[in-house]
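These figures come from a predicted structure and were not determined experimentally.
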Amino acid sequence: MPNALTPIDIEARFSAGTIDADWTYDSTRMALCRAFAFADFSEAFGFMTRAALVAEKLDHHPDWSNVYNKVSVCLSTHSAGGVTDKDFALAKAMDAIFRE
């Protein structure tokens with residue numbers, strides 16, 4: 001089981017640009033969160049489909065929701081009780097998919 005990162009570790013990864021600056025750390029949820037906006041529902045759903053395939057390969061699944069052209073995502077490793085390297089890896093992958 002991965003260990004939860006400390007707030008200092010999380011801030012260091014943000015400062016290093018590990019993931020896009022649109023991600024935030026929600027200390028209440030102990031999660032990395034971001035909202036993605038697309039031209040329409042089809043693009044939003046396509047993003048979710050591609051991200052789901054990556055999540056499955058990483059064996060790490062997001063808390064997310066979709067309303068029309070928006071996808072809201074929060075990433076946390078529940079078994080570790082907070083954010084881990086797995087969350088940053090999935091966030092980075094989602095950033096790459098979004099830029100495609």
Q: Kindly work out whether a path of hydrophobic side-chain contacts (I/L/V/M/F/W/Y, heavy atoms less than 4.5 Å apart) joins M48 to F41.
A: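 As far as the 4.5 Å side-chain criterion goes, F41 and M48 are not connected within one cluster.
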Q: Quick one: does K70's side chain have a donor or acceptor within less than 3.5 Å of a partner on A44's backbone?
A: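 Checking the backbone N and O of A44 against the side chain of K70, no donor-acceptor pair under 3.5 Å is found.
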Q: If you take all heavy atoms of V54 and A93, which pair is closest and at what distance?
A: CG1-CB, 3.6 Å
Q: How long is the span from the CZ atom in F45 to the CG atom in N69, to the nearest 0.5 Å?
A: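 Going from CZ on F45 over to CG on N69, the span is 15.0 Å.
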Q: Ignoring hydrogens, what is the shortest heavy-atom contact between L75 and P62? Give both atom names and the distance.
A: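 Residues L75 and P62, closest heavy atoms: CD2-CB, 3.5 Å.
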Q: Does anything in residues 37-56 pair up under side-chain hydrogen bond (donor to acceptor under 3.5 Å, both in side chains), and if so which pairs, sequence neighbours excluded?
A: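 Checked against side-chain hydrogen bond (donor to acceptor under 3.5 Å, both in side chains) - neighbours excluded - the pairs reaching residues 37-56 are E56-H61.
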Q: Ring centres of F98 and F36 under 6.0 Å apart?
A: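 Centroid distance F98-F36: below 6.0 Å, so yes.
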Q: Only pairs at least two apart or in different chains count here, so list each side-chain hydrogen bond (donor to acceptor under 3.5 Å, both in side chains) that has a residue in residues 90-100.
A: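 Qualifying pairs, neighbours excluded: D20-R99, W23-D95, R34-D95.
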Q: Which pair of heavy atoms, one from V83 and one from M30, lies closest together, and at what distance?
A: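 So the two residues come closest at CG2-O, 3.7 Å.
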Q: According to side-chain hydrogen bond (donor to acceptor under 3.5 Å, both in side chains), who are the partners of T84, at least two apart in sequence or on a separate chain?
A: T77, D87
Q: Between V73 and M94, is any pair of side-chain heavy atoms under 4.5 Å apart?
A: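 SC-SC contact between V73 and M94 confirmed.
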Q: Using side-chain heavy atoms (C-beta onward) and a distance below 4.5 Å, is D63 in contact with S76?
A: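 The answer is no, as the side chains (C-beta and beyond) never meet within the 4.5 Å cut-off.
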Q: Taking distance alone, no hydrogens or angles, what donor-acceptor pairs closer than 3.5 Å link side-chain atoms of residues 9-19 to residues at least two apart or in another chain?
A:
unit_1, atom_1, unit_2, atom_2, d
D9, OD2, T6, N, 3.3
D9, OD2, T6, OG1, 3.1
E11, OE2, S15, OG, 3.3
R13, NE, D85, OD1, 3.3
R13, NH1, D9, O, 3.4
R13, NH2, D85, OD1, 2.8
S15, OG, E11, O, 3.1
T18, OG1, R13, O, 3.0

Q: So, using ring pair (Phe, Tyr, Trp, His ring centres under 6.0 Å) as the criterion, who are the partners of Y25 when residues are at least two apart?
A: none
Q: Please check if V71 and L53 belong to a single hydrophobic cluster, counting links between Ile, Leu, Val, Met, Phe, Trp and Tyr side chain heavy atoms closer than 4.5 Å.
A: no
Q: Taking only residues at least two apart or on different chains, which pairs with a member in residues 30-100 satisfy disulfide (SG to SG under 2.5 Å)?
A: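 Checked against disulfide (SG to SG under 2.5 Å) - neighbours excluded - the pairs reaching residues 30-100 are C33-C74.
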